[in-house]
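Residues take their numbers from the sequence shown, with the count starting at 1. Note that these values count all heavy atoms, side chains included, but never hydrogens, waters or copies made by symmetry. Not measured: the values here are computed from a predicted model. Atoms within each ligand, like the ligands themselves, are counted from 1 in listed order.
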Amino acid sequence: MWIQLAMCLCCLAVGCQGQDRTASLRRADSDFSGRCQYTFTVDSPAESSCPQAGAAGTEMEGVASRLTLLEALVSRLLGEQGAVMVGEAGLQTAEKVSQLQQDNQRINRQVQDLQRRLEELTVEAEQLREKPCQQPPPPGVTTADSDSAFQFGSGAFQEMKAEVSEVPAPPQIRQNGQTQNVTGCGVLVSVEEPVTHHKVDGITGKYGVWFQDPEPAGPPYGPKAVWRIEAVGKEVRQLFAYEDMDQLVRGFPMKVLVLPEAVESTGATVYRGSLYYQRRRSRTIMRYDLAAESLAARLELPHAGFHGQHPYSWGGYTDIDLATDERGLWVIYSSSKAKGAIVVSQLNPDNLEVKKSWETNIRKNTVGNAFMVCGRLYTVASYSLPNTTVNYVFDTDTGESKAIAIPFNNRYRYNSMIDYNPGNKKLYAWDNHHMVTYDIQLA
Ligand code: CA
């Protein structure tokens, strides 16, 4: 403001001189507000034209000296204003410094608290390491009742421990370098490493079925005959017959039978001189007489899912899976009523009538495959993992299932078929072009 006032005054003074006019500046004493008042008087054009050079020069000198005084005054006032601004900034800075100091003190207190808490926890951890781990028993269980599982684990561990059963090792004898179970039937306790018998090249050999009859029916096929179906394709009808395993390994079948109805997937099996299989795109089970080379019986399995409704985890339309064991012929599937849970039915091998059915609580599409041994259904957890397990067993005598964990090796990582042969107590499997068997042990 003062600068603008000074500029105006200067302009007025200079302007007056430029037009040869006379201007006067008078300073009045301070009024009631404490301010000085300056009054300018400029001659009219008539007055300025008068030849009064001496008086005008004196007046101009007075104006110049007063302007000097005015500039000094303005300078001093500006200096005071600047000092006031600096003072205000300094005050704000001081307030901030004070606030930062307070924050610093507060943070220091928090750090000290945390250090003290850390020291307490360190001492507590050391004390816990020196003591044995003790956990309270669950409600309703006294210390005397609780077993070691509660002392060394959680309730969940106890529950899992109860589900996984432990079975004693079976009595064994060694014969021709192989371990044999001395009893005829029992509970599965182990599955040995797979033995590879033959590899089928070509895309049609990716998955399939192969088997030997556990109860051969006699001529024209001998007791060592081997049967094979390559299950890749829309119209699978060819059934390859081999005299024995040696002929299978050489790869030259003794005969190729053409089935009257196409086969669906890998669920077929051979039993008492007949091939049992699911007819393509249906829930119909067929019995094909191998000697007569004709259909002997058929059955529409009531409410059974088929063609991808309830397959094993690898898919492949493995909805209906036929199986044999010491007790006869079985079919493993699921139905609309069971809604994906495995149903196992025992069949009359002559006319295929259902003798009895059991509904399990095992989801069919969560397991890789299944087979029957001594009236018990066993499931394999994965069809592709090399180190998987036989993970469930369902006992048709008790109607109960439970989790187990018997190691199982999918050596070629795509096991599309597993069946049990009660005649030689081996599992037959088709694992990614490879035809393999597994020895098992029963207790
Ligand atoms: Ca099977």
Are Phe240 and Trp210 close enough that their ring centers fall under 6.0 Å? no
Only pairs under 3.5 Å count here: list side-chain donor-acceptor contacts from residues 293-306, not counting sequence neighbours, and write none if there are none.
residue: Glu293; atom: OE2; partner: Lys255; partner atom: NZ; Å: 2.4

At less than 3.0 Å, would any N/O/S atom of Ala370, backbone or side chain, sit next to the Ca ion (ligand 1)? yes
Can you tell me if Ile418 has an N, O or S atom under 3.0 Å away from the Ca ion (ligand 1)? yes
Can a side-chain donor-acceptor contact be found between Tyr412 and Thr196 if the only test is distance below 3.5 angstrom? yes
Should Glu235 and Arg280 count as an ion pair when the cut-off is N to O under 4.0 Å? yes
Shortest-distance N/O/S atom, Asp321 versus the Ca ion (ligand 1): OD2
